[in-house]
Amino acid sequence: MLDQIADVGRDLKRGGYSRHGYAKPELELRHWFVEQAVKRGLNVETDQNGNLWAWWGERGDNALVTGSHLDSVPGGGAFDGPLGVTSSLQAVDLLQAKGFTPNRPFAIAVFAEEEGGRFGVACLGSRLLTGAIDADKALNLKDPDGITLAEAMKAAGYNPDLAGKDTRTLNRIGQFVELHVEQGRGLTVPVGVASSILAHGRWRFTFAGEGNHAGATLIEDRRDPMLPASQLVLAARKAARGGGRATVGRLVPNPGGTNVIASTVDVWLDARDTDDERTRAMVAEISEAAHQVAKEEGCELKITEESYGDTVYFDAQLRDDIAGALGGVPALPTGAGHDAGILAAHVPTAMLFVRNPTGVSHAPEEFAEQSDVDEGVKALAATLEHLGS
């Protein structure tokens, strides 16, 4: 089913797909999802935070909910997010074909801006839904073009004034199950279940120096913020040990001219480890190194925590129930964040993983065999039938 959206949001520069929240490709995918849901007799609504809900039958409390997201990182793969959405639709196909009707309210959810590829904060739709992020803070987030989330929502036809914690919608969820492509090489069979998510967050380091001429300014007269910014990249690699992960994937100099010494450099750090204490300690080590190299270059440094999530442990009873219903599939942790991880603090939540033979994700080479995808659909359908009976 992914072939139906294979041409939407292709990124000719980076390869792969760029489908960012409320941008044209993601809005096209939203429209596609609504059409597909309606074809299956589902009733679609949008909540106050831009998340889509496709209800099988009447909406109500103690709902069994599945789904994922449709947006991507810049130049992302074809499976991350959309696989969970298409598999949910196909699972409904399998259940309807055998005459199954759930005995409880059932919905497919599509969450907005899960990757944070446009506004910098991951899982915005589920964070707003649960109140995990302040609505004013979220609405004032800006994309690289200076457009705020509020402006993007309004342009897409949504009312940003309504954004924020949605207790009524949240309280309808009785259980949430998200299917996702596995984003490492931890799964050696077609399907598994998630046990936990690493503690992780994003920090922005802003180094401020003095903009000047690249040819006329002597080296000893410079206050070049690019030097401490580059040292931060090395400090992150050095601090990531014993299972920790620290990554600089975005660095933006201002004004960005070839023959110009930058006046400021923004560097974004993604840091993850097995628990809160280890993650915080790793970021503290990186921050201390960044302050030191900034001081040596005569630069100022401001550090902003843009998002953070502690270690998530998925509901053990639900996890074991699903694993048993699927014949004893393995459980494994993941280093990737998900909407399921945000919801886990509020409702019983589980995840199914589909094998990724290369272990590559967030890149055009992300891949899953069609046979494994089919097994994932069958496993999700079996899970939904088991929980919805």
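Met226 belongs to a hydrophobic cluster with Trp203, Phe205, Phe207, Leu232, Val233, Val248, Leu251, Val265, Val267, Leu269, Met282, Val283, Ile286, Leu301, Ile303, Tyr308, counting contacts under 4.5 Å between side-chain heavy atoms of Ile, Leu, Val, Met, Phe, Trp and Tyr, direct or through other members.
Taking each heavy atom of Ala323 and Val193 in turn, the nearest pair found is CB-CG2, 4.2 Å. Residues Leu187 and Phe353 come closest through the heavy atom pair CD2-O, 3.6 Å. When every heavy atom of Val121 is checked against every heavy atom of Ser307, the shortest pair comes out as CG1-CB, 4.0 Å.
Between the side chains of Asp374 and Gln370, a donor-acceptor pair is found at a separation under 3.5 Å. Counted by atom type alone, Glu288 and Gln292 present zero donor-acceptor pairs between their side chains at under 3.5 Å. A donor-acceptor contact under 3.5 angstrom links the side chains of Thr206 and Asp266, judged on distance only. His31 and Glu35 are linked by a side-chain donor-acceptor pair at a separation below 3.5 angstrom, with hydrogens and angles left out of the test. A donor atom on one side chain and an acceptor atom on the other are not found under 3.5 Å apart for Asn259 and His213.
No more than 12 heavy-atom neighbours from other residues, nucleotides or ligands sit within 6.0 angstrom of CD on Glu277.
At a threshold of 4.5 Å between side-chain heavy atoms, the hydrophobic network of Ile, Leu, Val, Met, Phe, Trp and Tyr places Ile133 and Phe111 in two separate groups.
A donor-acceptor pair under 3.5 Å is formed between the side chain of His20 and the backbone N or O of Ser72. Between the Glu151 side chain and the Thr148 main chain, a donor and an acceptor come within less than 3.5 Å of each other. Not a single donor-acceptor pair under 3.5 Å links the side chain of Thr217 to the backbone N or O of Ala214. At distances below 3.5 Å, not a single donor-acceptor pair connects side-chain atoms of Asn356 with backbone N or O atoms of Val181. Judged by distance alone, the side chain of Gln96 and the main-chain N or O of Arg40 form a donor-acceptor pair under 3.5 Å. The backbone N or O of Tyr22 lies less than 3.5 Å from a partner atom in the side chain of Glu26, making a donor-acceptor pair.
Partner of His180 under the side chain to side chain contact (heavy atoms under 4.5 Å, CB included) criterion, chosen from Leu352, Asp80, Thr334: Asp80. Shown are Arg280, Arg241, Arg278; of these, the salt bridge (charged side-chain N to carboxylate O under 4.0 Å, His left out) with Glu285 is made only by Arg241.
The residues Lys378 and Glu375 are annotated as salt-bridged, a charged nitrogen and a carboxylate oxygen being separated by less than 4.0 angstrom.
Pairs passing the salt bridge (Lys or Arg N to Asp or Glu O under 4.0 Å) check and including a residue from residues 121-146, sequence neighbours excluded, read Arg118-Asp143.
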For this session: Give the intermediate values and the outcome of salt bridge (Lys or Arg N to Asp or Glu O under 4.0 Å) for residues Glu306 and Arg204.
Result: CA-CA 7 Å; Glu306 296 201 328; Arg204 180 173 61 186; 3.6 Å; yes
Problem set entry | Criterion side chain to side chain donor-acceptor pair (under 3.5 Å) on Glu178 and Ser68, from CA distance to verdict | CA-CA 6 Å; Glu178 180 174 4; Ser68 192; 2.8 Å; yes
